[in-house]
Amino acid sequence: MAHAPNTLASPADIAAAVAAAVERQPVIDMHTHLYPPSFGTTLAGRTGKSDLNGMLLWGVDELLTYHYLVAEVYRVVTPDKLPYEQFWRMTKRQQADHIWKNLFVERAPISEACRGVLTTIQKLGLDPSDPTPDGWRKWFDQQDPSEYIDRVMQVANVKSITMTNAVFDDNERQRWLDNPNVGADPRFTAVLRIDPLLRNWPEAAKKLTQWGRRAEENLSATSISSAKIFLNDWINKQKAIYLAVSLPPEWRYPADPNDPIARAGQTVLEQVILPVCADHNIPFAMMIGSHLRVNPALREAGDMVGKADVQSVVNLCREFPQNRFFVTFLARENQHEVAVAARKFGNLMLFGCWWFVNNPSLIEEITRMRCELLGTSFIPQHSDARVLDQLIYKWDHSRKIIAKVLTDKFQDVAATGRAPTKESIDGTVRLMLAENFERFRTAK
Ligand code: FIX
Ligand code: ZN
């Protein structure tokens, strides 16, 4: 059968075109916990000055003490052998050496988080087979933090890094108050993160009052307007491109009428957050399914996943057609139902394989299912990088899986006799890794 010019008929040509397109496409990383150097950096490098509470984490000791690896090392060196408080009293370097010894030397580094450290080292041109991290430490000490951000973005092929700016975090909030231009780095965009407003309004109300926005637990009209003014103020301060929260598995919309905290959260959602998002024409992002601190001694490594309720998202999308929702669920068990939900609502955009589903086997399962149910209208991944260097491995690993799934999908289409073109492949990849996000966030 004759094929139109620039169509790709052979499976090998399709595979090559998809691999090239995925590799070549600069990514907009819509959810990270990364910051420009203006937020302070724990590692000085060649020129910076180190700041213990610095929010930009980078370098091998931050890579090795990523909370994913803290959780994993406590599987093999249990708290009876190394009490948690003793671990947290160790220096970052001592913690990193402990994790290196127990997860990379005495055991095979086969977990995704362990492999990630090695992929990053390899792609930076360092030797992953080094017996210790010492040689790598010397290399990182020679880097200039800001130049190094450019290098990492170039190696990972990331064109824009979306921050998570938690305004209820004292360290973060003070930096914005001290320097209104702290976020003015063109490589980064800001997202106003407001978990306490929905997770615990009474506590949030106390904070708003402390910050000069009178608010009461009973959500009076004054409280509603104070909360709206507070959000408007911070959206403008940060030039936030969307608002975001993470929610527990038990979150429901509508809320359980017998649960006053949940009911307050519903009122804040309906009368504050969604109207403010609509006024600014920016989406609201919900990351659903994290049980926080089930083992508090592990700090950030102590959070857990729980099955959540997709129907609540369905209700919200139906009740608030004027709002746009970015949604990701933490539990594997929720992925199919929410992919079907997204077929029902154009104001619902699924994004990423979050946290405990950000593993190759599940990224493939979820991406394949989303292609089959949603075609090209979803955002396959975000990095959730907490350490700058992680952009390198998180996108390297995910790109390979996204390319594998898209290759199968395009080869299946070609097998029908309708061969894809290079343009349609490039266009699909551009949509998934950049434009679906841009178009949905700026939609009129
Ligand atoms: O709520 C979130 O944004 C989560 O991504 C983080 O809190 C979590 O600790 C994380 O780093 C997941 O990868
Ligand atoms: Zn995150």
Side-chain angles (χ1 to χ4, degrees), residues 27-35 39 55-58 62-72 74 111-117 120 158 161-169 171-172 188-200 238 240-251 283-306 308 325-332 334 350-360 362-363 366 379-395 397-398 437:
V27 158
I28 297 179
D29 194 343
M30 67 167 282
H31 176 71
T32 79
H33 298 271
L34 303 177
Y35 297 87
F39 283 81
M55 305 190 81
L56 168 62
L57 308 183
W58 64 287
E62 294 293 353
L63 279 173
L64 286 170
T65 54
Y66 181 32
H67 70 76
Y68 289 33
L69 292 172
V70 173
E72 291 175 26
Y74 263 104
S111 78
E112 175 62 7
C114 284
R115 179 171 72 105
V117 173
T120 303
V158 168
I161 299 173
T162 310
M163 299 184 278
T164 295
N165 306 100
V167 66
F168 285 86
D169 173 88
N171 183 11
E172 163 114 31
F188 293 79
T189 52
V191 162
L192 182 55
R193 179 76 178 246
I194 49 172
D195 296 25
L197 282 185
L198 282 188
R199 281 186 181 248
N200 191 339
Q238 296 180 344
I241 61 171
Y242 66 84
L243 262 60
V245 292
S246 81
L247 294 166
E250 57 277 2
W251 174 76
F284 179 51
M286 296 187 293
M287 310 178 77
I288 309 171
S290 51
H291 268 310
L292 302 182
R293 307 300 191 260
V294 294
N295 179 353
L298 277 175
R299 302 185 184 178
E300 279 158 351
D303 300 342
M304 168 73 187
V305 59
F325 299 92
F326 284 126
V327 169
T328 194
F329 277 80
L330 192 50
R332 182 189 189 185
N334 289 134
L350 298 190
F351 75 96
C353 299
W354 183 28
W355 201 349
F356 299 118
V357 292
N358 198 359
N359 298 308
L362 298 176
I363 297 168
I366 295 166
I379 299 167
Q381 191 58 296
H382 65 276
S383 72
D384 227 321
R386 279 187 173 263
V387 179
L388 174 72
D389 326 68
Q390 290 172 339
L391 288 177
I392 293 175
Y393 89 80
K394 287 186 182 253
W395 283 109
H397 293 183
S398 288
F437 172 69

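Here the structure is a predicted model, which means the values were calculated and not measured. Every number for a ligand or one of its atoms is a count from 1 in the order of the listing. Because only heavy atoms are used, hydrogens play no part in the values below, and waters and symmetry mates are left out as well, while side chains stay in.
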Can you tell me the protein heavy atom closest to [atom] and the distance?
atom                    : result
atom 10 (C) of ligand 1 : His67 NE2, 3.5 Å
atom 4 (C) of ligand 1  : Trp354 NE1, 3.5 Å
atom 13 (O) of ligand 1 : Tyr68 OH, 2.5 Å

Set of salt bridge (charged side-chain N to carboxylate O under 4.0 Å, His left out) partners for Glu112, sequence neighbours left out: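 Per chain and number, Glu112 pairs via salt bridge (charged side-chain N to carboxylate O under 4.0 Å, His left out) with Arg115.
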Quick one: list whatever passes salt bridge (charged side-chain N to carboxylate O under 4.0 Å, His left out) with Arg299, sequence neighbours left out.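 Scan of Arg299 (salt bridge (charged side-chain N to carboxylate O under 4.0 Å, His left out), adjacent residues dropped) gives none.
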N or O pair under 3.5 Å between Arg386 and ligand 1: yes
Contact (N/O only, under 3.5 Å) between His33 and ligand 1: yes
Go through Met287 and Phe351 one step at a time and tell me if the side-chain contact (heavy atoms from CB on, under 4.5 Å) criterion holds. CA-CA 9 Å; Met287 310 178 77; Phe351 75 96; 4.0 Å; yes
Side chains of Asp29 and Trp395: closer than 4.5 Å at any heavy-atom pair?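 Side chain of Asp29 against side chain of Trp395, heavy atoms only: contact under 4.5 Å found.
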Distance under 4.0 Å to a non-hydrogen atom of His31: what atoms of ligand 1 satisfy this?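 Listed by number with element, the hits are 3 (O), 5 (O).
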If we only look closer than 2.8 Å, how many protein N, O or S atoms does the Zn ion (ligand 2) have near it? 3
Does Val117 form a side-chain contact (heavy atoms from CB on, under 4.5 Å) with Leu64? I'd like the steps, not just the answer. CA-CA 7 Å; Val117 173; Leu64 286 170; 4.1 Å; yes
With the threshold set at 4.0 Å, does a side-chain nitrogen-carboxylate oxygen contact exist between Asp195 and Arg193?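 Salt bridge flag = yes for Arg193 with Asp195.
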Among residues at least two apart in sequence or on other chains, which ones pass side-chain hydrogen bond (donor to acceptor under 3.5 Å, both in side chains) with Arg332? Glu365
Less than 6.0 angstrom from the centroid, inside 45 degrees of the normal: does Lys394 satisfy that with respect to the ring of Tyr68? yes
Using heavy-atom distances, let me know which of Arg193, Lys394, Gln390 sits nearest atom 2 (C) of ligand 1.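 Considering heavy atoms of Arg193, Lys394, Gln390, the nearest to atom 2 (C) of ligand 1 sits in Arg193.
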Begin with the C-alpha distance, continue with both residues' side-chain angles, and end with the deciding distance and a verdict on side-chain contact (heavy atoms from CB on, under 4.5 Å) for His31 and Phe326. CA-CA 11 Å; His31 176 71; Phe326 284 126; over 6 Å; no
